[in-house]
Amino acid sequence: MNIKALNGFKDILPGEVELWQRLEALARDIFARFNFSEIRLPILEKTDLFARAIGESTDIVEKEMYTFVDKQVTMRPEATASLLRAYIEHGLHVQKPVQRLFTIGPMFRHERPQKGRLRQFHQMDAEVLGSASPRVDAEMMAMGAMLLAELGLSVSLEMNSLGCPVCRPGFRTSLLAFLDDRHQALCDDCKRRSSTNPLRVLDCKNPKCREQVLEAPSLLEHLCADCADHLSGVQEGLEQLGVQYSLNKFMVRGLDYYTRTTFEFITGDLGAQAAVGAGGRYDGLIEQLGGPRVPGIGFALGMERLVLLLQQQEAELAASGVDLLVAGLGEQSSRYGFGLTHALRTGGMRVVMDFEGRSLKSQMKQAGKLGVPYVLILGENELVKGKAVLRNMATQEQQDILLQDEATTVQTLVTLISA
RNA sequence: GUGAAUGUAGCUCAGUUGGUGGCAGCACUUGGUUGUGGUCCAGGCGGUCGUGGGUUCGAGUCCCAUCAUUCACCCCA
């Protein structure tokens, strides 16, 4: 067969999918603790929505979107834009002044795949709309940190403030002046960035640039009074909640819409993809998209990246989602087992039975491999006497089971096995 | 979009100076005296050597192209 999945698209097979389920279950639990409601969003939106929300000149919009050009629609490259569209479209701000929403699902970006980065990838996204309180910022980071901690992952949190439309232009001007002076000392990428996206120069990985940038004007020193107040409020909140973080004045975000607080959950264990989650405040965005004039903040966690970390930071997952294996010996007994298996499943049990007519030894091997706790052996001899053998695989103890009508037998087995 | 590396069984890989693909490991499967697992032993299934050209008497091995994968850059969760 030479039809394969597309480059950058991946199947999630049994064995790995259990990890995803655990991740999702825990995330839902934690989102619920923080009173977030789920919202499910379409994957396809008007291209224009993303262009306006994310920024016309970002890499995502310029060259990474899966767009049906003739239809003017695009497969979402991130969730915030769609979520805000839904928020505005349904007037959710009227129903509740502060909305706390989360969504989980696939995103699409046409980038070159590498470790921890696929063209279809999955994010868990949480957004709070309608509150400007710095406590919300702190709470969002605390929630992300809680999820990561309960997954057993050790990940660090970095935070910065990008200012707002009042203070950012001034900072930008002085940064540009600074970069102009050092233009020759910068790497080629940064020479280009100086004009396209000067803030990006601040988090260049090139050691030469890092050195230059050490002296650069700091965002934090240019914050207006309101932004500075907000930042200290966030810091106070984080301290109160006992959230470990560090302030990184070089941290910048790739999407245009961020204001004030931005943050990243960072790991050193994923190669070049350091961020397992990132987000920030976007106070002007909702209005800019035609919605009410309300602030917002959100973050996304990359599920592939979390799964990679889970895989390398721990190993084994608990096996077997099976309660009982029914072993048939011969046609008579298999026929009986076929019916009994179905009755047991109807009764809520997870049962396996194969119909290949294999030896008892084979079937026992199978049971061992699956880690099944009990095997019901339907021997011909016992069957004529209306009996079967229930074997406890762990203790190797066996007991006779009286086979009466199916309902009673199911009842008996359910009680014995769940005991 | 740029750069580098890699493509041999379902998976992990051997394959020496080009001379018939490996009793390789894992997995799967059958058996090791009547109908009982996880270990051990023996057997079995399983390969268009990514694809297409070329060089050669002969190519898994050399050359070209192509596709795919991986890692890194750009960017990003």
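Residue numbers start from 1 in every chain, and the chains themselves are labelled A, B, ... in the order their sequence lines are given, proteins ahead of strands. These values consider heavy atoms only, across backbone and side chains, with no hydrogens, waters or symmetry-generated copies.
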Quiz item: Can you give one letter per nucleotide of nucleotides 30-39 of chain B, going 5' to 3': B for a protein heavy atom under 4.0 Å from the base, S for sugar-phosphate only, - for none?
Solution: SSB--BBBB-

Give, for atom [atom1] of [X] and atom [atom2] of [Y], the distance between the pair rounded to the nearest 0.5 Å.
X: A/F68; Y: A/M75; atom1: CZ; atom2: CE; value: 6.0 Å
X: A/Y282; Y: A/T262; atom1: OH; atom2: OG1; value: 14.0 Å
X: A/S131; Y: A/D137; atom1: OG; atom2: CG; value: 8.0 Å

Quiz prompt | Under 3.5 Å donor-acceptor pair, A/R305 side-chain atoms to B/C76 base atoms | solution =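 Such a pair is found, so the answer is yes.
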
Could you check how far [atom1] of [X] sits from [atom2] of [N], rounded to whole Å?
X: A/E62; N: B/G1; atom1: CD; atom2: P; value: 15 Å
X: A/F263; N: B/A77; atom1: CZ; atom2: C1'; value: 12 Å
X: A/D354; N: B/C28; atom1: CG; atom2: C1'; value: 14 Å
X: A/R117; N: B/G1; atom1: CZ; atom2: C1'; value: 12 Å
X: A/N7; N: B/U70; atom1: CG; atom2: P; value: 7 Å
X: A/E304; N: B/C76; atom1: CD; atom2: P; value: 18 Å
X: A/L370; N: B/C28; atom1: CG; atom2: C1'; value: 13 Å
X: A/Y258; N: B/C75; atom1: OH; atom2: P; value: 16 Å

Quiz item: Hey, are A/Y66 and A/Q120 close enough side-chain-wise for a donor-acceptor pair under 3.5 Å?
Solution: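 A/Y66 and A/Q120 do not have a side-chain donor-acceptor pair below 3.5 Å.
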
Quiz item: If we ignore angles and hydrogens, is there a donor and acceptor under 3.5 Å between the side chains of A/H230 and A/S161?
Solution: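 Absent: no donor and acceptor within the cut-off.
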
Could you give the distance separating [M] and [N] at their [atom1] atoms, to the nearest angstrom?
N: B/G10; M: B/G46; atom1: P; result: 11 Å
N: B/C63; M: B/C26; atom1: P; result: 35 Å
N: B/C11; M: B/G54; atom1: P; result: 30 Å
N: B/G15; M: B/U34; atom1: P; result: 45 Å
N: B/G25; M: B/G44; atom1: P; result: 12 Å
N: B/A65; M: B/C13; atom1: P; result: 27 Å
N: B/A5; M: B/A59; atom1: C1'; result: 23 Å
N: B/A77; M: B/U66; atom1: C1'; result: 33 Å

Practice problem: Indicate, with a heavy-atom threshold strictly under 4.0 Å, whether A/L118 touches base, sugar-phosphate, or nothing. | Solution: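 Base contact - A/L118 has a heavy atom under 4.0 Å of at least one base atom.
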
Quiz item: When we call it a touch if two heavy atoms are under 4.0 Å apart, what does A/G144 touch: a base, just sugar-phosphate, or nothing?
Solution: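 Nothing, no nucleic acid heavy atom in range.
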
Any sub-3.5 Å donor-acceptor pair from [X]'s side-chain atoms to [Y]'s backbone N or O?
X: A/R109; Y: A/K63; result: no
X: A/S334; Y: A/G328; result: no
X: A/R135; Y: A/G237; result: no
X: A/T47; Y: A/Q72; result: yes

Self-check item: Contacts of type side chain to side chain donor-acceptor pair (under 3.5 Å), residue A/D48, not counting sequence neighbours
Solution: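 Applying side chain to side chain donor-acceptor pair (under 3.5 Å) to A/D48 gives none.
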
Quiz item: How would you list, by chain and number, every residue that makes a side chain to side chain donor-acceptor pair (under 3.5 Å) with A/Y87, sequence neighbours excluded?
Solution: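 Checked A/Y87 against side chain to side chain donor-acceptor pair (under 3.5 Å); zero matches.
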
Practice problem: Can you sort out the partners of A/E215 under side-chain contact (heavy atoms from CB on, under 4.5 Å), two or more places apart, ordered by chain and number? | Solution: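 Once residues adjacent in sequence are excluded, the partners of A/E215 under the side-chain contact (heavy atoms from CB on, under 4.5 Å) criterion are A/F178, A/R182.
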
Quiz item: Could you spell out the base pairing of RNA chain B in dot-bracket, with Watson-Crick or G-U pairs whose two distances are under 3.5 Å, [ ] crossing and | to another strand?
Solution: (((((((..((((.....[..).))).(((((.......))))).....(((((..]....))))))))))))....

Quiz item: What residues in residues 104-116 of chain A put a non-hydrogen atom under 4.0 Å from any atom of RNA chain B?
Solution: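 Correct list: A/R109, A/E111, A/R112, A/Q114, A/K115, A/G116.
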
Quiz item: Between A/K63 and A/A5, who's closer to the 5' end of RNA chain B by nearest nucleotide?
Solution: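 Here A/A5 is the residue nearer the 5' end.
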
Quiz item: Hey, mind stepping through A/F102 and A/F31 against ring pair (Phe, Tyr, Trp, His ring centres under 6.0 Å) and telling me if it holds?
Solution: CA-CA 7 Å; A/F102 78 90; A/F31 290 148; 4.6 Å; yes

